[in-house]
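Take a look at the structure below.
Keep in mind the model is a prediction, meaning the values are calculated, not measured.
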Amino acid sequence: MSMIDNNLSSFLDIASDSDFSIHNLPYGIFSDTTNDKRRAGVAIGDYVLDLALLEEEGVLTLDGGRYFDQPTLNAFIDSGRDNWTLARKTIQSVLSSSNDTLKNNQNLQDKALYQQAEVTLHLPVDVPGYTDFYSSKEHATNVGTMFRDPDNALLPNWTEMPVGYNGRASTVFVTGSTDIVRPSGQLKPNDSERPVFSACKRLDFELETAFIVGKPNKIGEPIAIENAWEHIFGMVLFNDWSARDIQKWEYVPLGPFNAKTFASEISPWIVTMDALAPFKTELPTQDPQPLAYLREQNPSSSFDINLSVAILPKNADSATLVCQTNFKYMYWSMAQQLTHHTITGCKVEVGDMMGSGTISGPTPDAYGSMLEIAWNATKPVTLKDGSTRTFIEDGDTVIMKGYSEKDGIRVGFGEVRGKVQPALEFSFDT
Ligand code: MN
């Protein structure tokens with residue numbers, strides 16, 4: 001695995017607290033006002049580097065294919081690890097202060113570099129399938145404590161497998177492309193025998209990350225645990241918007257359905273596993289030891305990624321931080337999730353997105369959902385503008401951020417930022 005090269009620096013002026021250092025180079029899809037064609041770019045400092053242009057100019061040649069003049073990253077990802085490695089090496093070199101190709105060519109810089117603030121970012125991959133796991137022990141314990149039994153908060157299967165469900169890929173969207181419309185559906189008041197149709201009253205965020213599958217398997221052929229990392233391309237931040245009251249009534253016996261299918265919001269830049277490699281860290285101890293098919297030889301199977309959530313109310317001057325946690329608290333690794341997902345022979349595709357599940361840490365300031373932060377509406381949170389929240393209100397913007405940092409080197413994800421709009425109005429003849 002690659003180590004941090006502290007001598008590597010870019011000729012571009014990049015703030016030390018930028019998520020997009022030369023050590024990162026996350027991939028996205030963008031268009032701009034002069035060219036509405038969607039194409040691939042990498043984020044570097046405040047800029048986007050146009051990879052389609054570099055390819056056209058012969059600066060970035062991989063195995064001969066044209067991978068970046070495309071509306072999604074799927075073709076590039078599908079072209080395989082050798083191309084991922086070559087692309088990263090070439091782009092890093094072109095942006096470095098020791099290479100003259102771009103540094104000393106103002107004409108090429110003018111054509112290839114855009115201000116991030118001036119481009120439109122699109123969904124970076126076509127997502128054929130989306131699965132959400134439930135792999136934070138702290139989160140699962142909190143939810144089990146609130147809704148079942150504090151003495152038996154985790155169900156017996158939880159420590160034996162990465163529990164998950166199949167979600168809706170059609171509702172995965174990139175942050176900024178749409179607002180979040182408060183969903184409506186069936187809610188069942190506690191004192192009522194039958195449900196009512198209503199706007200959701202318990203709208204929540206779920207702080208998650210998701211990984212993007214980089215290599216498919218064949219139907220009927222599980223991905224062995226020792227090969228699982230080879231099938232993962234990179235990661236994004238993920239707000240898995242949830243309607244807690246719809247969820248509560250519908251989820252028995254088959255799990256979440258409408259409560260999770262209205263807004264699955266991801267960050268625009270896919271941070272590669274190569275960029276995250278220096279931030280590997282050990283998984284928490286798994287007890288009991290998992291069954292053999294889920295056992296990883298290397299315990300450094302997690303990542304040190306700082307994560308946060310803030311709420312910006314409508315008309316407020318500044319956002320209030322409501323959660324600070326870390327990806328390293330996750331109980332099950334991404335490799336274990338992928339292996340478990342395919343153990344029956346289920347096929348995964350390039351671009352498939354696998355959500356981590358809500359990432360909660362051990363202390364209340366590290367809980368990754370309002371359900372936990374306000375403890376099932378019993379502990380309202382006071383925001384900077386004096387208002388209180390138990391769940392998310394209309395007009396609120398929920399902002400999630402994430403980054404890794406070590407030895408002065410920063411690799412970040414940017415942000416996910418979703419603003420909530422009021423529910424649609426329905427009128428039914430009764
Ligand atoms: Mn979720």
Side-chain angles (χ1 to χ4, degrees), residues 130-147 153-154 158 162-165 167 175 180 202-211 235-244 247-248 256 259-260 263-267 281 283-284 302-312 319-334 337 353-381 383 389-392 396-404 412-418 420:
Y130 152 50
T131 300
D132 198 25
F133 288 93
Y134 189 58
S135 290
S136 159
K137 193 174 188 180
E138 288 82 357
H139 172 70
T141 303
N142 286 339
V143 174
T145 299
M146 276 184 269
F147 292 122
L154 290 181
W158 198 93
V163 170
Y165 67 94
T175 188
I180 315 302
R202 295 193 154 198
L203 181 62
D204 203 356
F205 59 80
E206 289 188 337
L207 170 60
E208 302 195 21
T209 60
F211 70 82
M235 293 172 71
V236 292
L237 293 177
F238 173 34
N239 185 350
D240 185 21
W241 288 92
S242 296
R244 298 296 180 199
Q247 184 178 356
K248 191 179 172 208
K260 304 278 188 173
S264 305
E265 182 183 17
I266 66 168
S267 53
T281 188
L283 273 187
S302 192
F303 295 86
D304 184 350
I305 306 170
N306 302 291
L307 300 166
S308 69
V309 186
I311 298 173
L312 176 66
T320 304
L321 203 60
V322 294
C323 164
Q324 279 186 289
T325 186
N326 195 297
F327 182 82
K328 70 183 178 190
Y329 298 126
M330 298 300 289
Y331 186 87
W332 295 102
S333 75
M334 292 182 276
Q337 290 172 336
M353 186 179 112
M354 309 283 172
S356 59
T358 306
I359 302 170
S360 290
T363 53
D365 59 350
Y367 293 169
S369 65
M370 285 306 291
L371 177 68
E372 295 161 273
I373 294 167
W375 207 256
N376 199 23
T378 63
K379 294 179 180 170
V381 176
L383 305 182
R389 294 290 181 283
T390 52
F391 288 97
I392 300 302
D396 285 353
T397 299
V398 174
I399 305 156
M400 296 180 174
K401 298 184 184 192
Y403 68 94
S404 295
F413 288 79
E415 63 179 32
V416 164
R417 177 182 280 260
V420 174

What orientation do Trp158 and Tyr134 show, parallel under 30°, tilted 30 to 60°, or perpendicular over 60°? perpendicular

Ring-plane angle category for Tyr130 and Phe238, please: parallel below 30°, perpendicular beyond 60°, tilted otherwise. perpendicular

Once you round to the nearest 0.5 Å, how far does [atom1] of [X] lie from [atom2] of [Y]?
| X | Y | atom1 | atom2 | answer |
| --- | --- | --- | --- | --- |
| Leu237 | Glu265 | CG | CD | 10.0 Å |
| Leu207 | Ser356 | CG | OG | 7.5 Å |
| Ile399 | Asn239 | CD1 | CG | 11.5 Å |
| Ser242 | Glu208 | OG | CD | 7.5 Å |
| Phe303 | Leu283 | CZ | CG | 9.5 Å |
| Thr141 | Tyr331 | OG1 | OH | 10.5 Å |

Where [X] and [Y] come nearest, the two heavy atoms and their spacing:
| X | Y | result |
| --- | --- | --- |
| Trp375 | Met146 | CE2-CG, 3.6 Å |
| Phe391 | Arg389 | O-CD, 3.3 Å |
| Ser267 | Val236 | OG-CB, 3.5 Å |
| Trp332 | Gln337 | O-NE2, 4.4 Å |
| Ala140 | Leu154 | CB-CD2, 3.6 Å |
| Ile392 | Trp241 | CG2-CZ3, 4.2 Å |

Go through the structure and list residues passing side chain to side chain donor-acceptor pair (under 3.5 Å) with Arg244, not counting sequence neighbours. Asp204, Glu206, Gln247

Thr390: which residues meet the side-chain contact (heavy atoms from CB on, under 4.5 Å) condition with it, sequence neighbours left out? Ala374, Ala377, Pro380

Test item: [X] side-chain N/O and [Y] main-chain N/O as donor-acceptor pair under 3.5 Å:
| X | Y | value |
| --- | --- | --- |
| Asn326 | Ile305 | yes |
| Ser308 | Asn306 | no |
| Asp132 | Tyr165 | no |

Worked verdict on Leu307 versus Lys401 for side-chain contact (heavy atoms from CB on, under 4.5 Å): CA-CA 6 Å; Leu307 300 166; Lys401 298 184 184 192; over 6 Å; no

Tell me which donor-acceptor pairs under 3.5 Å the side chains of residues 359-366 have, and how far apart each pair is, sequence neighbours excluded?
| residue | atom | partner | partner atom | Å |
| --- | --- | --- | --- | --- |
| Ser360 | OG | Gly368 | N | 3.0 |
| Ser360 | OG | Glu372 | OE1 | 3.1 |
| Ser360 | OG | Glu372 | OE2 | 2.8 |
| Thr363 | OG1 | Asp365 | OD1 | 2.5 |

Check against side-chain contact (heavy atoms from CB on, under 4.5 Å), Phe327 and Ser302: CA-CA 8 Å; Phe327 182 82; Ser302 192; 3.8 Å; yes

May I ask you to test the [X]-[Y] pair for a side-chain heavy-atom distance under 4.5 Å?
| X | Y | result |
| --- | --- | --- |
| Ile373 | Met370 | yes |
| Thr358 | Asp240 | no |
| Lys248 | Arg202 | no |

So Leu371 and Asn376, side-chain contact (heavy atoms from CB on, under 4.5 Å) or not? Walk me through it. CA-CA 5 Å; Leu371 177 68; Asn376 199 23; 3.9 Å; yes

Begin from the C-alpha positions of Val322 and Leu383 and carry the test side-chain contact (heavy atoms from CB on, under 4.5 Å) through to its verdict. CA-CA 9 Å; Val322 294; Leu383 305 182; 4.2 Å; yes

